[in-house]
Amino acid sequence: MAEYSRELIRQIEAKWQQHWADTNLYKVFTNPALPKYYVLDMFPYPSGAGLHVGHPLGYIASDIVARYKRLKGFNVLHPMGFDAFGLPAEQYAIQTGQHPAITTQRNIDTYKRQLKRIGFSYDWSREVQTCDPNYYKWTQWIFMQLFNAWYNKRNEELGKAEPISSLINELNKNGNRYIDAACDEDTPLISAEDWKNFSDNEKENFLQHYRLAYLSETMVNWCPALGTVLSNDEVKDGVSERGGYPVERIKMMQWSMRITAYAERLLAGLDTIDWPEPVKEMQRNWIGKSRGCEFYFTVAGNPELKIDVFTTRIDTVFGATFLVLAPEHELVEKIVTPDRRSDVMQYVNTAKNRSERERMSEVKRVSGVFTGAYAINPFNNEMIPVWIADYVLAGYGTGAVMAVPGHDERDHRFAKYFNLPIKQVVDGPDVQEKAFDSWDSQIINSGFMNGLTVHEAIEAGIRFVTEKGIGREKINYRLRDAIFGRQRYWGEPFPVYFDNGIPKLVAEQDLPVTLPEIDEYKPTESGEPPLGRAANWKYQGKYPYELTTMPGWAGSSWYWFRYMDPNNPHAFCGKEHEEYWKDVDLYIGGSEHATGHLLYSRFWCKALKDLGFVKSEEPFKKLINQGHIQGMSKFVYRINGTNTFVSAGLKDQYQVTRLHADISLVDGDVLNIEAFKKWRPDLETATFILENGKYYCDTEVEKMSKSKHNVVNPDDIIDQYGADTLRMYEMFLGPLELSKPWNTNGIDGVFKFLRKFWNLFHTDGKFYVSSEEPGRNELKILHRTLKKIEHDIESFSFNTSVSEFMICVNELTSLKCNKRKILEPLVIALSPFAPHISEELWHLLGNTGSVHQSTFPQWNQAYLTETTVNYPVSVNGKVRTQMEFAPDMPKEDIEKAVLASEIVKKWTEGKPPKKVIVVPGKIVNIVV
RNA sequence: GCCCGGGUGGUGGAACUGGUAGACACGCAGGACUUAAAAUCCUGUGGCCAGAAAAUGGCUGUACGGGUUCAACUCCCGUCCCGGGUACCA
């Protein structure tokens, strides 16, 4: 059994996977004596379709790093688990009545079976599942900590979360007069007396303005089809990301998370972590910090009515020719003049009822209405009209803007449409036809600002409003508080009950609040969430529980801590474990989580740190985004109204419908007609119009998904080539970060490489290695390879390490090298990439322990120094010849030798060189 | 529109802080082995040109147009195309 055959591979891989599991090879323990390294994959949602070849791409990379770090002496934490709450399982439950826990478990089993076949070095004893009550007990517990916390901006430089008790103390003493906290905009100012006189109900309502997890009436994205509320990032183009159902904006009592409290720290922290620049940039944009000025205009003839505006361009205030309020703005009612009232109210109503989708798709359409009121510009006392338009958003800034059509494109479009005046106040091209939006010009036509630069004028403007007492500098964020809940069954229940309408936390010893059984997974007839169906589901037998459940991101916002101490019944993570493992050294996952999971996780990590539960400010020190493996979809063409399919080249002659054909039915571009007919009952009677006796399909690169019938299952690749080939091939495909379509074109090359490697250890079909001393040449090959592999893994360039292995094996093969002293270190170096074949050869070499517990061989520069260096010699930048010189030969001598060369003389045509450049160890260039 | 990435042979891709472009692999072509095929092995393979052919040699070439430099896939300016993100954020 010496041939590296399919049968042998199957045996080797099964044998070692079993052995590794039996001996708990990858089990890891907290051990402060050893340096730690934490490599994490973004845990998957276990979908019913199983794993496809795209999933393992990142997992293979992280597994290579994990194994390599172990060989380098690190204590490596490399866990895997499942993000198991989610809508698909619930949708399936609604359709079939099957409990989502059952389907979820089944899917997890499939995933685990598939993952185990690839030979990952996960410590499965640390697996977490977010739907497991032992896990979500702690998700609930963290929610309780956030409910019991507020954000004190006076604590430390950028503020810090504190227990709610410190807020209550202060309220008892001084009311909220001296408090600077992250809280709702509409939080009233109260005295200690007011506070003490509040009823319990009033006290709780007041505290809700401050809690990090709080209940409030907010505008939410309600998706009637899914029966749930969606977060902003789950809505794409006005429809739900999952399913594509319409979404509307409605007001609803909702749990939210005060992530805005952390805006500044989330921003600042980005400079301390090694993440891809695009992801950091996305988070910066998402947080959307802008510095500006907030001040008010008074309403003409009604001086007690003040309209607050926010602007980043106070330097253009003399160019403001009208004000615009959001339709939802509370002052609209008060300022509208009687003659304009009916028009205004009509506009406000349509604007409010316009779905998000309409507003999105009509971004460029101008609409608005005049209120009849005028406001006074405090800078020049000019009266300017006040309008209402839905391009001003109620949720950002103050919900009102000063419109400067000369220097803002939206204001310009509006002014043009309604024929409002346009003033130029920044020096530059004429603004009547096009707004001029410049940050580095001079201010003109602007009273005391004349002659100042934009930046100087902004400072002057802020000073003006501050001194006049009508405004101040203001930092604004685009970031909104995160809605935390959904009207669904398959999620974590809140540890909350209602006592007289007041939300209260259950006692800690009553955790977890487990999901009750219900008869159907739909909302109740009265429109309550599914949990409303649970019979007699009351806290302590009398208090109603909160009926919504936590959103998808709850369980994933802290799971990396649970892996550190996964089975602890007394804490979400034991202190000693948390202090040892601290944070994730390497996190690999898709960039689609840039503004969701990765932002929420950073938020929870910071909050847990503030409250003293963990030590790290940032959860993930280094992040790599792996690219996506796309599918190659195949298409067939059915002639409309018939069951006849026409080959791709002839489709233009007919009216056809384009349909996906499963890729297993297509060989190259040629359809296997017999298999196609058996694919679905309706195709049995299909007829075909062929080209050259064959049916050709069209190909398109698309996302790999079940619905597109282009999924490649890793199991099939493993059946054919083995897990080691799959692993190395996925790495060989190209840089980890790149997205690429899956094709197996090159897989034979990788397979052949492994066989060649195997054959180095075998002579005439028998295992045989020689104990002869290796020659200089062999040692050079070995050490060059070790150096390159080490460098490539450290820089996450796995495709080039596979190439280097190939070069090495090609060279050793042509040298017929079978020397133990060369081959044994190579087995270790290869083991992170191809763990099974390496383990087998390691044992054939007579070793007893596992290769995965050996030590990565150290390369030695002494074997790599060359006796001569090959210099390319170029004349006027064109390489004309090669010359060998000793590595330490002085520049002058090289120059002389080069100029003496016949070939060089030929190219210089005897002319004296203008200049000779000698780059030591690199190149010689002669300029004539 | 704006913000990030990225454009290199027939294909996937390599090229360290500017220093021999196309490593490695696939595919393709030719050859060896074979009755034959598969498998395996060997040789060649960016394009154009010269050479009967080989050896060899020349020109050209990293999306396009400029520039900096002894030297540019790499740096700078402009244009085009592809991918991702974002979208009335005042």
Grab the N/O contacts between the protein and nucleotides 18-21 of chain B below 3.5 Å, and write none if there aren't any.
unit_1, atom_1, unit_2, atom_2, d
rU20(B), O2, Gln882(A), NE2, 3.0
rU20(B), N3, Gln882(A), OE1, 3.4
rU20(B), O4, Asn870(A), ND2, 3.1

Quick one: which protein N/O atoms are closer than 3.5 Å to N/O atoms of nucleotides 4-7 of chain B? Pair and distance per line, please.
none

Check: protein-nucleotides 57-61 of chain B nitrogen or oxygen pairs below 3.5 Å:
unit_1, atom_1, unit_2, atom_2, d
rC59(B), OP1, Arg880(A), NH2, 3.4
rC59(B), OP2, Arg880(A), NH1, 3.3

Identify each atom pair where a protein N or O and an N or O of nucleotides 26-28 of chain B are less than 3.5 Å apart, giving names and distance.
unit_1, atom_1, unit_2, atom_2, d
rC26(B), OP1, Lys752(A), NZ, 3.1
rC26(B), O2', Asn745(A), O, 2.7

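Scored by the salt bridge (charged side-chain N to carboxylate O under 4.0 Å, His left out) test, Glu433(A) finds Lys416(A) as partners (sequence neighbours excluded). Every side-chain contact (heavy atoms from CB on, under 4.5 Å) that Ile894(A) has, sequence neighbours left out, goes to Tyr871(A), Phe885(A), Met889(A), Val898(A), Val918(A), Val924(A). Asp274(A) meets the side-chain hydrogen bond (donor to acceptor under 3.5 Å, both in side chains) test with Lys622(A); sequence neighbours excluded. Not counting sequence neighbours, His791(A) has no partner by the ring-ring contact (aromatic ring centres under 6.0 Å, His included) test. A search for side-chain contact (heavy atoms from CB on, under 4.5 Å) contacts involving Met632(A) returns Thr699(A), Val701(A), Pro741(A), Asn743(A), not counting sequence neighbours.
Nucleotides rU60(B) and rG12(B), compared at atom P, are 27 Å apart to the nearest Å. A distance of about 12 Å separates the P atoms of rA39(B) and rC26(B), rounded to the whole Å. When the P atom is used for both rA38(B) and rU34(B), the distance is 15 Å, rounded to whole Å. Taking atom C1' on both rA15(B) and rG85(B), the two are 30 Å apart, rounded to the nearest angstrom. Comparing rG19(B) with rA71(B), their C1' atoms are spaced 7 Å from each other, to the whole Å. Nucleotides rU56(B) and rG67(B) have their P atoms positioned 37 Å apart, rounded to a whole Å. A gap of 13 Å separates the P atoms of rC16(B) and rG7(B), to the nearest Å. Atom C1' of rA23(B) sits at a distance of 30 Å from the matching atom of rC4(B), rounded to the whole Å.
Of all the residues in residues 799-809 of chain A, Asn799(A), Thr800(A), Ser803(A), Met806(A), Ile807(A) reach under 4.0 Å from RNA chain B with at least one non-hydrogen atom.
Judged purely by atom type and a 3.5 angstrom limit, His628(A) has no side-chain atom pairing as donor or acceptor with the backbone of Lys703(A). With Thr321(A) contributing its side chain and Pro421(A) its backbone, the two residues share a donor-acceptor pair below 3.5 Å. Between the side chain of His412(A) and the main chain of Ile422(A), no donor-acceptor pair closer than 3.5 Å is present. A donor-acceptor contact shorter than 3.5 Å is absent between the side chain of Asn476(A) and the backbone of Ser290(A).
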Evaluation steps, side-chain contact (heavy atoms from CB on, under 4.5 Å), between Leu623(A) and Lys280(A) = CA-CA 10 Å; Leu623(A) 174 74; Lys280(A) 291 197 199 181; over 6 Å; no
Practice prompt. In sequence, state the C-alpha distance, the side-chain angles, and the governing distance for Lys766(A) and Asp764(A), and then conclude on salt bridge (charged side-chain N to carboxylate O under 4.0 Å, His left out).
Written response: CA-CA 6 Å; Lys766(A) 290 213 170 60; Asp764(A) 297 331; over 6 Å; no
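Residue contacts shown for Val401(A) include a base, since a base heavy atom lies under 4.0 Å away. Backbone-only engagement by Pro735(A) is indicated by non-hydrogen atom pairs under 4.0 Å involving sugar-phosphate atoms exclusively. Heavy atoms of Tyr871(A) sit nowhere under 4.0 angstrom from any nucleic acid atom.
Ile384(A) places a side-chain heavy atom less than 4.5 Å from the side chain of Phe297(A). Counting heavy atoms from C-beta outward, Ser739(A) and Gln630(A) have side chains that approach closer than 4.5 Å. Contact annotation: the side chain of Trp758(A) never approaches that of Glu3(A) to less than 4.5 Å [non-hydrogen atoms, C-beta and beyond]. Here the side chains of Pro735(A) and Asn799(A) are in contact, with some heavy-atom distance below 4.5 Å. Counting only heavy atoms from C-beta outward, the side chains of Tyr396(A) and Arg480(A) approach each other to under 4.5 Å.
Applying the 4.0 Å criterion to OP1 and OP2 of rC3(B), one finds that Arg284(A) has every side-chain N and O outside that range. Taking 4.0 angstrom as the limit, Lys740(A) places none of its side-chain polar atoms (N or O) nearer than this to OP1 or OP2 of rG12(B).
Consecutive Watson-Crick or G-U pairing (both distances under 3.5 Å) extending over three or more pairs maps onto RNA chain B as B:1-7 with B:80-86, B:10-12 with B:24-26, B:27-32 with B:40-45, B:46-50 with B:56-60, B:63-67 with B:75-79.
In this structure, OG1 in Thr398(A) is found 14.5 Å from NZ in Lys306(A), a value given to the nearest 0.5 Å. With rounding to the nearest 0.5 angstrom, the CD atom of Glu811(A) is 9.0 Å from the NZ atom of Lys780(A). We find the CD-CZ distance between Glu473(A) and Arg291(A) to be 4.0 Å, quoted to the nearest 0.5 Å.
If you find the closest nucleotide of RNA chain B to Tyr396(A) and to His791(A), the one lying nearer the 5' end belongs to His791(A). Between Gly734(A) and Thr398(A), the one whose closest nucleotide on RNA chain B sits nearer the 5' end is Gly734(A).
Atom CZ of Phe732(A) and atom P of rA23(B) are 12 Å apart (whole Å). Taking atom NZ of Lys816(A) as the reference point, atom P of rC41(B) lies 12 Å away to the nearest angstrom. Here rU86(B) presents its P atom at 14 Å from CD1 of Ile287(A), a figure rounded to the nearest Å. Here the P atom of nucleotide rA25(B) and the CD atom of Glu811(A) are 11 Å apart, to the nearest Å.
In terms of heavy atoms, Leu270(A) sits closest to Arg284(A) at CD1-CG, 3.6 Å.
Judged purely by distance below 3.5 Å, without hydrogens or angles, the side chains of Tyr347(A) and Ser367(A) pair a donor atom with an acceptor atom.
Annotation: cation-pi pair Arg784(A)/Trp859(A) absent, no NZ/CZ under 6.0 Å from the ring centroid and within 45° of its normal.
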Going 5' to 3' through nucleotides 44-51 of chain B and flagging B where a protein heavy-atom sits under 4.0 Å of the base, S where only the sugar-phosphate is that close, and - otherwise, we get --------
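Counting only heavy atoms from C-beta on, Asn810(A) has its side chain closest to rA25(B) among rA25(B), rA90(B), rC70(B).
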